[in-house]
Each structure stands twice: as structure tokens, then as C-alpha cells.
Protein chains: 2
Amino acid sequence: MTGLLAGNRQQARQRLAERFRVWSEGEFDAARCPVRGVLDRLGDKWTTLIVIALAQRPHRFGEVRRAVPDISKRMLTQSLRDLERDGLIERRVFPTKPPSVEYRLTELGESLLEPLHALVNWAEHNQERIAAARGVFDAALPVAFGVETRALPA
Amino acid sequence: MTGLLAGNRQQARQRLAERFRVWSEGEFDAARCPVRGVLDRLGDKWTTLIVIALAQRPHRFGEVRRAVPDISKRMLTQSLRDLERDGLIERRVFPTKPPSVEYRLTELGESLLEPLHALVNWAEHNQERIAAARGVFDAALPVAFGVETRALPA
DNA sequence: TTCCAATGGTCTCACTATGAGACCACGTCT
DNA sequence: AGACGTGGTCTCATAGTGAGACCATTGGAA
């Protein structure tokens, strides 16, 4: 197991490093690297959750809201707009009374599910290790001591 | 191509939907779903970039800062702390004068590179489609018209 | 009949997270 | 002697976010 996995990991590492080097070359325009823009969107707290919710099936506005209970209407609207603007979801209005609106993944949005699934998978597999690490870190905080372990010791 | 890719996509879709359903069952504790916590961290604008930067090799504080130029010292410090707390990176202090500090990925952090690479790969492959979609969306904004296409038409 | 809920949003207000930049203590280079 | 680089922390102004009021309409319940 170590062999193949380590191989994949090394490959991933090298490719990411390579990408990063490429981005860093030339003057740094900040928005010069388009991946930044894309990652920012995905990095959004709600965006990812909405996409996952829509992975099941199309949802209406209220359904999304119920599926992701702790999102405010304001942010839900904004996230849906952003997602629609980026072409990841599609918005359909039906002339019912009152009018109903349905959101569904586009083909582009669906293509995102694969890498997203890889990430969610990783998160599920490693959440315990992360929780453990947090416990260790928090326990090691120099609360009882007056010792400042972070500032420069001079 | 359509066959295999579509197959993977369907699989990803179904698995994500399945996960989401599981999370949604029982009363929603918000923090009940640990994946939320992990995704929030990854969703962080800077976290991901720092991890990618460290994929190359260990970096010192100032090096990370130069690698990700538009991050403030404040957020860099905080992001590095969070990453360290989650066990994704390790912090080493060397007793040089002035003391130098090195950050490197842990094994857990390195394991994140694989799904992260998948995501970055997707972002690079699809950034043009996204940019195009944004263009279309922005062009379709009812600026010239007084028409409000978003609010309910009553 | 009248009142309430649900539809999909928008708008305002308060709070919080973020970025810019000063400051620190030390040592080295000019 | 004065400026700079080390890795941070601290304050302050501004940006982003969440809570909740509000809107217009219609259907169902009281």
C-alpha cells in the first residue's frame, strides 16, 4: 500500500509544486492566476455545500434552505447567484402562483462533483486525525504557564 | 470517453448525495457533521494556497509571505496556526539569531495534496468555461432596461 | 371573511472577520 | 549610528456576514 499511495502522493506533490511555480513566475498580478478566482469561489463556506446538496437532484430555493439550515437567506441568494454566474448551476423560474424557482447543476457543475467527492472523502477519512491533532494542540497551550511559546524568546 | 467519465461522474454524484443524506438525518447539529469543520478550514481562502506553497518544500515564515504576496502578516500567522492546530503542518523553531521558523507539511498534510491536486486540476481545466459563463451572465444583466428579472414579477 | 403561511427574494442594521500598518527586541551590515 | 531582516502581536478602519423585517400574491384555515 505504501508504495502506490506514496507514488500518487509524490506525483500530486510535484504537480502542485510545478503549478505553483508557474503561477509565481512573472510579476504577480494576484488576479493573474485564474485558479485563485476559482478556488476562492469553491473556498466559499456555502458554495460547496450547495453544490453537494444539488448533487442529489434539483432543488427549489426553500429546499436548499432547508437542506443547509444554518445559511441565511441573504447568503443563500448570493451564493446561488455566484454559482449561476460561474455556470455551475442553472436557475429556472416556473410561472406557478406564487412563482417557484428551481436550481440544478449544469454539466459543468456536475463535472465538479468528481474532485469534490475526492475532497469530501479525504475529509471523512481524516476527520478523526484532525480532531485528535486539535485536541493535542489545545491541550498544549501554555495556559497554566506564563510562558509565551510563540513570541520570539529573544 | 463519455461512457467512462459519465460513469465516474454518476458515481461521484451518488456518493455525494448519499453522504449528504446521511449528514442531514437526525437533528441537525450544525457541528454534528464533522466534514463541515474540515471543509470550512479548506474553504479558507489562504489555507489552500499555503498548503500548495508548502508542497514544494518547507518554507520559512517570510518565504511563505513572499510566495503568497497578497496575504497580510496577521492572516498568515493565523492561517499557519490553524493549519498547525489541525495537524496539517509542523512548526520548527531554530535557535539562530534572530530565530528562524520553518513550516513543513506533516504526513497528514501531504495526504491532502492528492484530492487538492484533483481540485486544482479541475480548476485549471475549467477556468475558461467559468470565465465565459461569467461574461455571458454579466452581459445579460438588465442594466439598460429598468427590468427587474430577479424579483418576483407578481 | 379575515387572517396566516408559503412562494423567492431584497433591504437595513449590528456584529465580526479581515487588511494595513505600527511596534517589538535583537543582531548584522554599511 | 542607522537601516534592515527575523517572526510575530496589537490596534484600528473597513469589508463581509447573519438576523430579521418587508414585499406582493394566492391558497387554505378559522
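Model, not experiment: these values are computed from the prediction. Order of the sequence lines sets the chain letters (A, B, ...), proteins ahead of strands, with each chain counted from 1.
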Contact class for A:K97 (heavy atom, under 4.0 Å): base, sugar-phosphate, or nothing? sugar-phosphate
How many angstroms lie between atom CG of B:L112 and atom CZ of B:R41, to the nearest 0.5 angstrom? 12.5 Å
Spacing of A:Q127 atom CD and B:D86 atom CG [to the nearest 0.5 Å]: 12.5 Å
Rounded to whole Å, how long is the line connecting atom CG of B:L76 with atom C1' of D:dT6? 14 Å
Regarding B:Y103, tell me which of base, sugar-phosphate or nothing describes its non-hydrogen contacts under 4.0 Å with the strands shown. sugar-phosphate
Under 3.5 Å donor-acceptor, B:T48 side chain and B:L42 backbone: yes
Separation of C:dT7 atom C1' from A:L80 atom CG, nearest Å, is 15 Å
Out of C:dG8, D:dT26, D:dT9, whichever nucleotide has its closest atom nearest the side chain of B:T77: D:dT9
Side chains of B:R13 and B:Q10: donor-acceptor distance under 3.5 Å anywhere? yes
Heavy-atom protein contacts under 4.0 Å, nucleotides 15-20 of chain C, coded B base, S sugar-phosphate only, - none: ---BBB
Measure the shortest side-chain to side-chain distance between A:V38 and B:W122 over non-hydrogen atoms and say whether it is less than 4.5 angstrom. yes
Taken in chain and number order and not counting sequence neighbours, the residues that satisfy side chain to side chain contact (heavy atoms under 4.5 Å, CB included) with B:E18 are B:R21, B:V22
B:P98 has a side chain; which of D:dG5, C:dG8, D:dG7 sits nearest to it? D:dG5
Whole Å only: how far is the NZ atom of A:K73 from the P atom of D:dA19? 13 Å
Please determine if a side-chain N or O atom of A:R66 lies less than 4.0 Å away from the OP1 or OP2 oxygen of C:dG8. no
Rounded to whole Å, how long is the line connecting atom CZ of A:R65 with atom C1' of C:dA5? 14 Å
Charged N to carboxylate O below 4.0 Å: is that the case for B:E107 and A:R129? yes
In whole Å, what is the span from the CZ atom of B:R81 to the P atom of D:dG7? 12 Å
With a cut-off of less than 4.0 Å, is there a side-chain N or O of B:R60 near OP1 or OP2 of D:dT6? no
In whole angstroms, the gap separating C1' of C:dT7 from CD of A:E63 amounts to 12 Å
